[in-house]
> 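Can you keep this structure in mind? I'll have questions shortly.
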Amino acid sequence: MKRINLFLFTMIACGMLSCTGNRGQQGQDARDSAEDSAEQTAANTETPSDDRGYIVNVGDIAPDFTMTTTAGETVKLSDLRGRVVMLQFTASWCVVCRREMPFIEKDIWLKHRNNPKFALYGIDRDEPKETVDEFVKQTGVTYPMGLDPGADIFALYAERKAGITRNVIVDPEGRIVLLTRLYDTEEFASMCAKIDELLAD
């Protein structure tokens, strides 16, 4: 009888320990899950970038900014609503920019510059006006060039240290419809076609 009682006591005690252990593990699992959820929420509040360095996406409202052009004109992006807007981020030290800019001049600017529904602005990244003036002269472009001291405008669209050249096409409602990176002939042709399509509406 004593052996049976001892056996039952041992079984009950082991069962209780097992249940307690499971409850402890379940509690730890719940805490781990809550921590993972909190980390994911925190990660989702940060502005993600794509593999090209953009922190904006097609479909986003283009971040607003005000800049001064080399001609002394003050331009605010939101004031251009109702027009198709092309923003070209560039700099004098960028070899790819120099390669792309004559095509922007010839295939986009000269084609659409007299269209009141279109606006094109180069945005020079963190260079003084004198450097930008010389850059414009060397490349032979005639479209307006804005100044971006500290690359603060650039940082609204891409990681501050991300590369250029890159273009942002904004529709008349102020939404981004196309983002390009570097100079790829097929992507450039698609951009030209997109601008034509938007202006035909």
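Sequential numbering from 1 along the given sequence is applied to the chain's residues.
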> Going by ring pair (Phe, Tyr, Trp, His ring centres under 6.0 Å), name the residues that satisfy it together with Phe89, two or more places apart in sequence or in a different chain.
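Phe89: ring pair (Phe, Tyr, Trp, His ring centres under 6.0 Å) contacts with Phe154, Tyr157.
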
> Quick test of your reading: applying salt bridge (Lys or Arg N to Asp or Glu O under 4.0 Å), list the pairs with at least one residue in residues 109-118, sequence neighbours left out, ordered by first then second residue.
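Residue pairs with at least one partner in residues 109-118: Lys111-Asp196.
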
> Are Ile169 and Ile176 packed together at the side-chain level, in the sense that at least one heavy-atom pair is separated by less than 4.5 angstrom?
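When only atoms from C-beta onward are counted, Ile176 and Ile169 do not touch, as no gap falls below 4.5 Å.
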
> Can Phe118 be reached from Leu178 by stepping across I, L, V, M, F, W or Y side chains whose heavy atoms are under 4.5 Å apart?
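Looking at the clustering, Phe118 is in the same group as Leu178.
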
> We want to know whether Gln88 and Arg166 form a side-chain donor-acceptor pair, criterion being a heavy-atom distance below 3.5 angstrom.
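Result is no, nothing qualifies.
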
> In chain order, what residues pass the salt bridge (Lys or Arg N to Asp or Glu O under 4.0 Å) check against Glu134, with sequence neighbours excluded?
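Glu134 satisfies salt bridge (Lys or Arg N to Asp or Glu O under 4.0 Å) with no other residue.
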
> Where do Cys97 and Ile164 land on the side chain to side chain contact (heavy atoms under 4.5 Å, CB included) test, with the steps shown first?
CA-CA 7 Å; Cys97 300; Ile164 46 177; 4.1 Å; yes

> Looking only at non-hydrogen atoms, find the nearest pair between Leu147 and Glu127 and report the distance.
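Closest approach of Leu147 to Glu127, heavy atoms only: CD2-O, 4.2 Å.
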
> Sequence neighbours left out, what passes side-chain hydrogen bond (donor to acceptor under 3.5 Å, both in side chains) with Asn167? Give chain and number order.
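For Asn167, the residues satisfying side-chain hydrogen bond (donor to acceptor under 3.5 Å, both in side chains) (neighbours in sequence not counted) are Glu100, Thr180.
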
> Might you point out which heavy atoms bring Val177 and Val58 nearest each other, and give the distance in Å?
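Nearest pair, atom of Val177 first, then Val58: O-CG1, 3.8 Å.
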
> Do Tyr54 and Glu159 have side-chain N/O donor and acceptor atoms under 3.5 Å apart?
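On atom types as modelled, these side chains do not qualify, holding no pair under 3.5 Å.
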
> For residues Leu80 and Ala119, report the shortest heavy-atom separation together with the two atoms involved.
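Between these two residues, the closest heavy atoms are CD1-CB, 4.4 Å.
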
> For Glu187, give me all partners under salt bridge (Lys or Arg N to Asp or Glu O under 4.0 Å), at least two apart in sequence or on another chain.
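Salt bridge (Lys or Arg N to Asp or Glu O under 4.0 Å) list for Glu187, sorted by chain: Arg52.
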
> In this structure, would Trp93 and Ile153 fall into the same cluster of hydrophobic residues linked by side-chain contacts under 4.5 Å?
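Yes, because Trp93 and Ile153 connect within a single hydrophobic cluster, where side-chain heavy atoms sit under 4.5 Å apart.
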
> Identify which one of Leu120, Leu110, Thr90, Val141 satisfies the side-chain contact (heavy atoms from CB on, under 4.5 Å) criterion when paired with Ile104.
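That would be Leu120; it is the only one of Leu120, Leu110, Thr90, Val141 passing the side-chain contact (heavy atoms from CB on, under 4.5 Å) with Ile104.
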
> Could you measure the distance from the SG atom of Cys94 to the CZ atom of Arg99? Nearest 0.5 Å is fine.
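Result: 9.0 Å between the selected atoms.
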
> In Å and rounded to the nearest 0.5 Å, what is the CG to CD1 distance from Leu87 to Ile123?
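The distance works out to 4.5 Å.
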
> Should Tyr121 and Val170 be counted in the same cluster of Ile, Leu, Val, Met, Phe, Trp and Tyr side chains packed under 4.5 Å apart?
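Yes, because Tyr121 and Val170 connect within a single hydrophobic cluster, where side-chain heavy atoms sit under 4.5 Å apart.
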
> For a side chain to side chain contact (heavy atoms under 4.5 Å, CB included) check, start with the C-alpha distance between Met86 and Met191, then their side-chain angles and the critical distance, and finish with the verdict.
CA-CA 10 Å; Met86 176 177 173; Met191 179 173 66; 3.7 Å; yes

> Output all residues satisfying salt bridge (Lys or Arg N to Asp or Glu O under 4.0 Å) with Asp107, sequence neighbours left out; order by chain, then residue number.
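Scan of Asp107 (salt bridge (Lys or Arg N to Asp or Glu O under 4.0 Å), adjacent residues dropped) gives none.
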
> Go through the structure and list residues passing side-chain hydrogen bond (donor to acceptor under 3.5 Å, both in side chains) with Thr69, not counting sequence neighbours.
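None.
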
> How would you list, by chain and number, every residue that makes a side-chain hydrogen bond (donor to acceptor under 3.5 Å, both in side chains) with Thr66, sequence neighbours excluded?
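For Thr66 there are no side-chain hydrogen bond (donor to acceptor under 3.5 Å, both in side chains) partners, ignoring immediate neighbours.
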
> What distance do Trp109 atom CH2 and Asn114 atom CG have between them, rounded to the nearest 0.5 Å?
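Answer rounded to 0.5 Å: 8.0 Å.
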
> Grab the two heavy atoms, one from Thr165 and one from Arg181, that are nearest each other, plus how far apart they are.
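Distance-wise, the nearest heavy atoms are O-NH1, 3.3 Å.
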
> Which residues pass the salt bridge (Lys or Arg N to Asp or Glu O under 4.0 Å) test with Asp133, not counting sequence neighbours?
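Lys129.
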
> Run the side-chain hydrogen bond (donor to acceptor under 3.5 Å, both in side chains) test against Thr68 and tell me which residues pass, sequence neighbours left out.
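If we apply the side-chain hydrogen bond (donor to acceptor under 3.5 Å, both in side chains) test to Thr68, skipping adjacent residues, there are no hits.
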
> Take Ile108 and Tyr143 through the test side chain to side chain contact (heavy atoms under 4.5 Å, CB included) and record every step on the way to the result.
CA-CA 10 Å; Ile108 299 174; Tyr143 54 85; over 6 Å; no

> Restricting to non-hydrogen atoms, name the atom on Pro63 and the atom on Leu77 that form the minimum distance, rounded to 0.1 Å.
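That would be O-CD2, 3.3 Å.
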
> Which pairs count as ring pair (Phe, Tyr, Trp, His ring centres under 6.0 Å) when at least one residue sits in residues 163-186, sequence neighbours excluded?
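Every pair satisfying ring pair (Phe, Tyr, Trp, His ring centres under 6.0 Å) with a residue in residues 163-186: Phe103-Tyr183, Tyr183-Phe188.
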
> Would you say Val75 ends up clustered with Met145 if hydrophobic residues are merged whenever their side chains have heavy atoms under 4.5 Å apart, either directly or through other cluster members?
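No.
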
> According to side chain to side chain donor-acceptor pair (under 3.5 Å), does anything in residues 70-84 pair up with another residue at least two apart or in another chain? List the pairs.
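Passing the test, one end in residues 70-84: Asp64-Ser78.
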
> Please evaluate residues Leu199 and Ile195 with respect to the criterion side chain to side chain contact (heavy atoms under 4.5 Å, CB included), reporting the C-alpha separation (whole Å), side-chain torsions for both, the decisive distance (0.1 Å), and the verdict.
CA-CA 6 Å; Leu199 291 173; Ile195 293 170; 3.8 Å; yes

> Give a yes or no answer on whether the side chain of Arg175 reaches the backbone of Ala62 with a donor-acceptor pair at less than 3.5 Å.
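Pair absent, no side-chain N/O of Arg175 close to backbone of Ala62.
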
> Is a side-chain N or O of Asp148 found less than 3.5 angstrom from the main chain of Asp126, in a donor-acceptor match?
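No, the answer is negative, given that no donor and acceptor are paired below the 3.5 Å cut-off.
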
> What pair of heavy atoms forms the shortest contact from Gly122 to Met67, and how long is it?
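What the structure gives for the nearest pair is O-CE, 4.4 Å.
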
